[in-house]
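Report on the following structure.
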Amino acid sequence: MANLERRARGVARVLVDEAAIQGRIRELAAGLDRRYQGEPPLMVGVLNGAVAFLTDLMRAMTVPVEIDFMAISSYGASTKSTGVVRILKDLNNEIEGRQLLVVEDIVDSGLTLDYLLDVLRRRNPAEIRVVALLKKEKPGAIEVQVDEIGFTIPDEFVVGYGLDYAGLYRNLPYIAVLDPSLIKS
Ligand code: 5GP
């Protein structure tokens with residue numbers, strides 16, 4: 001418990017607890033198992049935030065899958081997306097003709113995912129589906145393809161379960177809201 005307290009320092013409240021996350025992942029995995037009965041999908045994780053979700057989701061699935069990762073970075077302020085994205089690490093796999101399952105941590109304004117999907121579509125995969133653990137209820141967010149959502153959350157900055165603030169908090173097993181006094185705007 002002492003370790004959990006140390007990594008949780010600064011957390012104001014838990015928004016989605018560990019049991020809820022893992023329960024929802026089992027539901028999502030069951031749906032994905034039904035969908036991908038034929039060819040193994042290529043699960044595309046977006047580093048670093050989607051790592052926890054992707055690894056738990058793939059282990060809850062029983063169909064064969066392959067995985068690959070992209071790293072992207074948005075320019076600008078630390079807690080707000082600008083939509084200007086650069087690719088820091090590209091996929092290792094060719095994706096033409098493949099069934100892609102993009103695994104995202106969180107969709108906020110939608111700009112990052114929109115950009116990523118645009119990049120992937122140009123490479124002519126057979127299909128792209130998107131599963132996001134979290135989607136914020138955000139006024140003014142753009143319309144972007146998200147096929148499955150783990151949880152819809154209020155428009156607050158969250159950390160944990162892969163999501164960071166200043167590089168920390170990714171190893172919390174739950175999703176939490178930070179003490180606002182910690183966040184530099
Ligand atoms: P969008 O482009 O949809 O506004 O933001 C997408 C990216 O911004 C996410 O993949 C994530 O890296 C980051 N992001 C958006 N909202 C949050 C949040 O509440 N907490 C954290 N830690 N990152 C966020």
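By convention here, the first residue in the shown sequence is residue 1. As the structure lists them, so they are numbered: ligands from 1, and atoms in each ligand from 1.
Contact atoms of ligand 1 toward Leu163: 21 (C), 22 (N), 23 (N) (distance under 4.0 Å to a heavy atom of the residue). Those atoms of ligand 1 with a heavy atom of Lys136 less than 4.0 angstrom away are 16 (N), 17 (C), 18 (C), 19 (O). Residue-ligand proximity, Ser109 to ligand 1, at heavy-atom distances under 4.0 Å covers atoms 1 (P), 2 (O), 3 (O), 4 (O). Interface of Glu156 with ligand 1, defined as ligand atoms under 4.0 Å from a residue heavy atom, comprises 19 (O).
Between Val158 and ligand 1, a contact under 3.5 Å exists for at least one N or O pair. For Gly110, a nitrogen or oxygen atom sits less than 3.5 Å from a nitrogen or oxygen atom of ligand 1, counting backbone and side chain alike.
Sorted by first and then second residue, the salt bridge (Lys or Arg N to Asp or Glu O under 4.0 Å) pairs involving residues 38-65 (not counting sequence neighbours) are Asp56-Arg59.
Using a distance-only test at 3.5 Å, with no hydrogens or angles considered, no donor-acceptor pair links the side chain of Asp147 to the main chain of Val131. Between the side chain of Lys136 and the backbone N or O of Glu156 there is at least one donor-acceptor pair closer than 3.5 Å. Panel note: side chain Asp33, backbone Thr62; a donor-acceptor pair is recorded below 3.5 Å. Between the Arg24 side chain and the Ile149 main chain, a donor and an acceptor come within less than 3.5 Å of each other. Between the side chain of Glu66 and the main chain of Asn93, no donor-acceptor pair closer than 3.5 Å is present.
When the options Leu15, Val159, Asp105, Thr112 are ranked by their closest heavy atom to atom 10 (O) of ligand 1, first place goes to Asp105.
The closest approach between any non-hydrogen atom of Phe157 and ligand 1 is below 4.0 Å. Judged by the shortest distance from any of its heavy atoms, Glu104 lies inside the 4.0 Å radius around the atoms of ligand 1. In this structure, Ile106 has a heavy atom closer than 4.0 Å to ligand 1.
Of the inter-residue distances, the one linking Leu134 atom CG with Asp105 atom CG reads 7.5 Å to the nearest 0.5 angstrom.
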